[in-house]
Amino acid sequence: MDNSTIQLDPHGEALMQQFRELLPTLEPLAQKVYDLLRNAIQQQGIYVTAMEYRVKTEKSLAGKLERKGAKYGSITDITDLVGVRIITFYTDEVDKVAAIAKGLYSVDWQESVDKRKLHQLNSFGYNSLHYICRLREGSIRFELQMRTALQHVWSTIEHDIGYKGEVKLPDEYRRQFSRLAGMLELADDEFSRLRTVMTDYRRQIQSLVKSGRLDDVPLSGDSFRSFLATHPFNRLNKRIAAVNQAEIYPLTMMSYLPLLESFGFETLGDVQRFIEENSDDAYQLALSQLALTDLDILSESVGLQYLCLVYVLKHNGGRDGLKFVYDTINGKADANAMLADMILEQADSLPIQK
């Protein structure tokens, strides 16, 4: 809207002048509100997809005053001169951000509105939670908009298409908008529900691992990570490290998961039995390699590596099977074939029971 086409009455002009006088204080206020909320959200470990603030422009304010300036007695009656928008991934995180905001600012509950509870048709994109607030030490009021990413995307699409414009759309198009809005609202709710279900599942897995009921735990990324947290390879690692009085440095073992799955292991109970049945032979194979070296630093995955090598030898995996182990944990390289040949040669002199 071009300011030259806007005709303000004397009251509107007076409000605009008040705005110009107030303007130097609005940017520092917006920055302070933004910084307080951003820091608090980070401290609580909440990840938001976007957070931004803005000070109302003179052009935007002029349009507002032309339409409804008479309802405002003073410029401070306008509650969105400063606005902060927070966009989260999940609906429950909107409530978490709102709880943080209530602790930081004084909320004007009469002016605030939870548009999510209005249940208006075609209103998905406007289902934001709006708080009108002041700083604790006193300030003009400002607006907080809190919504999910899907709500924000839908609102942007509505604005771009002009769905909320002055032209009345045919019922056919309105029905299509309603159907799409309903689908997105359902998706928004389902993403939050699914995250809760998955969080509960991970907690259940952790509980089963801690209780030792490993046969009840399917082998997966989450369960294997929980299993590793119990340090199941520590005993074997210490035996191997003692050969050269070596130090053990931490290293993730998640890269071994595809290897264990290729062995046909389906539960953590299978992995536990794999450890128990092969640890002695894994130690002997490690001893045959390390005894003639002066290696004094070993990775935390050393025990698991030798367990896998022994398992392949016991199940007649041969050179290709051993090379597959090295290809999986180290990445494919010509040197892996040489390592496989070395293991085969050393295994011939060991009493590994198949």
* Kindly work out whether a path of hydrophobic side-chain contacts (I/L/V/M/F/W/Y, heavy atoms less than 4.5 Å apart) joins V33 to I87. => no
Q. Between H11 and L65, is there a donor-acceptor pair closer than 3.5 Å when you use the side chain of the first and the backbone of the second?
A. no
By side chain to side chain donor-acceptor pair (under 3.5 Å), R175 pairs with (sequence neighbours left out) none
CG (L15) and CG (L8) are apart, to the nearest 0.5 Å, by 9.0 Å
Considering residues, nucleotides and ligands other than M198, do more than 12 of their heavy atoms fall under 6.0 Å from its CE?
no
* Run the numbers on R147 and V153 for side chain to side chain contact (heavy atoms under 4.5 Å, CB included), then give the verdict. => CA-CA 10 Å; R147 59 170 54 149; V153 167; over 6 Å; no
Worksheet item: Strictly by modelled atom types, are S223 and S220 linked by a side-chain donor-acceptor pair under 3.5 Å?
Response: yes
d(L180 CG, E185 CD) to nearest 0.5 Å is 13.0 Å
S106 and R136 have their tightest heavy-atom pair at OG-NH1, 3.5 Å
Looking only at heavy atoms, the pair that brings A241 and L298 closest together is CA-CD1, 4.0 Å
*Are the charged groups of D341 and R319 less than 4.0 angstrom apart, N to O?*
yes
Quick one: are L29 and L81 in side-chain contact, heavy atoms under 4.5 Å? no
Check against side chain to side chain contact (heavy atoms under 4.5 Å, CB included), S255 and T328:
CA-CA 7 Å; S255 60; T328 301; over 6 Å; no
Kindly say whether I132 contributes a backbone atom to a donor-acceptor pair with the side chain of E111 at under 3.5 angstrom?
no
Between the CZ atom in R202 and the CD atom in Q206, the distance rounded to the nearest 0.5 Å is 9.0 Å
(request) Apply the test side chain to side chain contact (heavy atoms under 4.5 Å, CB included) to residues Y90 and T148: give CA-CA distance (whole Å), side-chain angles for both, the deciding distance (0.1 Å), then the verdict. (result) CA-CA 6 Å; Y90 303 99; T148 67; over 6 Å; no
Rounded to the nearest 0.5 angstrom, the CG-OG distance for L257 and S262 is 10.0 Å
Discussion item. Are V94 and L194 connected into the same hydrophobic cluster when the rule is that any two of I, L, V, M, F, W, Y join if their side-chain heavy atoms are below 4.5 Å apart?
Written reply: no
**Asked** So, does N244 use its side chain to make a donor-acceptor pair with the main chain of D296 at under 3.5 Å?
**Response** no
(Q) Quick one, C133 and V107 - any side-chain contact, counting heavy atoms below 4.5 Å? (A) yes
Q.
Contact between D108 and T79 at the side-chain level, heavy atoms closer than 4.5 Å - yes or no?
A. no
So NZ of K71 and NZ of K64: to nearest 0.5 Å the spacing works out to 7.5 Å
Side chain to side chain contact (heavy atoms under 4.5 Å, CB included) filter on A70, not counting sequence neighbours, yields none
Residues F324, D320; criterion side chain to side chain contact (heavy atoms under 4.5 Å, CB included); working and verdict:
CA-CA 6 Å; F324 177 71; D320 288 342; over 6 Å; no
Q) Should we say atom CD of E345 is surrounded by more than 12 heavy atoms from elsewhere, each under 6.0 Å from it? A) no
One should read off an interatomic distance between L268 CG and F274 CZ, to the nearest 0.5 angstrom, of 13.0 Å
Side-chain donor or acceptor of E247 paired with backbone N/O of I297 under 3.5 Å = no
Quick note, ring pair (Phe, Tyr, Trp, His ring centres under 6.0 Å) partners involving residues 207-263, not counting sequence neighbours, are F263-F265, F263-Y311
Quick one: are L344 and D348 in side-chain contact, heavy atoms under 4.5 Å?
no
In terms of heavy-atom contacts, I275 and P232 come closest through CD1-CB, 4.0 Å
Smallest heavy-atom separation, D215 atom then G269 atom, equals OD1-CA, 3.3 Å
*asked:* Using salt bridge (Lys or Arg N to Asp or Glu O under 4.0 Å), reason through R38 and D35 one step at a time and then give a plain yes or no.
replied: CA-CA 5 Å; R38 181 193 60 186; D35 288 343; 3.4 Å; yes
Between D222 and R225, does any NZ, NE, NH1 or NH2 come within less than 4.0 Å of an OD or OE carboxylate oxygen?
yes
Residues 189-201 vs side-chain hydrogen bond (donor to acceptor under 3.5 Å, both in side chains), sequence neighbours excluded, gives T91-S192, D92-R195, E93-R195, E190-R193
Do you reckon L313 sits in the same ILVMFWY cluster as M338, going by side-chain contacts under 4.5 Å, direct or chained?
no
Whether the side chain of R239 engages the backbone of R235 through a donor-acceptor N/O pair (distance < 3.5 Å, no angle test) should be reported. no
What one should report as the nearest heavy-atom pair of A149 and T49 is CB-CG2, 4.2 Å
If only atom types and distance count, is the side chain of D281 paired as donor or acceptor with the main-chain N or O of N278 below 3.5 Å?
no
(Q) Same cluster or not: L322 versus L259, using hydrophobic residues (I, L, V, M, F, W, Y) connected whenever any side-chain heavy atoms lie under 4.5 Å apart? (A) yes
Quick check: do L236 and Y306 have side-chain heavy atoms less than 4.5 Å from each other? no
*Ignoring hydrogens and geometry, is there a side-chain-to-backbone donor-acceptor pair from D327 to N336 under 3.5 Å?*
no
May I ask you to decide if L135's main-chain N or O and S139's side chain share a donor-acceptor pair within less than 3.5 Å?
yes
In short, ring pair (Phe, Tyr, Trp, His ring centres under 6.0 Å) pairs touching residues 35-66 with sequence neighbours left out are Y34-Y53, Y47-F89
- Note, L23 side chain near F19 side chain (heavy atom, < 4.5 Å): yes
Checklist entry - Are more than 12 heavy atoms from other residues, nucleotides or ligands located less than 6.0 Å from atom CD of E266? => result no
_Could you tell me if the side chain of T267 sits less than 4.5 Å from the side chain of V217, heavy atoms only?_
no
Residue set satisfying side chain to side chain contact (heavy atoms under 4.5 Å, CB included) with E276, at least two apart, ordered chain then number -> Q272, R273
Kindly work out whether a path of hydrophobic side-chain contacts (I/L/V/M/F/W/Y, heavy atoms less than 4.5 Å apart) joins V302 to I248.
no
Are D95 and K102 close enough for a salt bridge, meaning some N to O gap below 4.0 Å? no
For I343 and Q289, the nearest pair of non-hydrogen atoms, with its separation, is CD1-NE2, 3.7 Å
L26 versus F142: any side-chain heavy-atom pair under 4.5 Å?
no
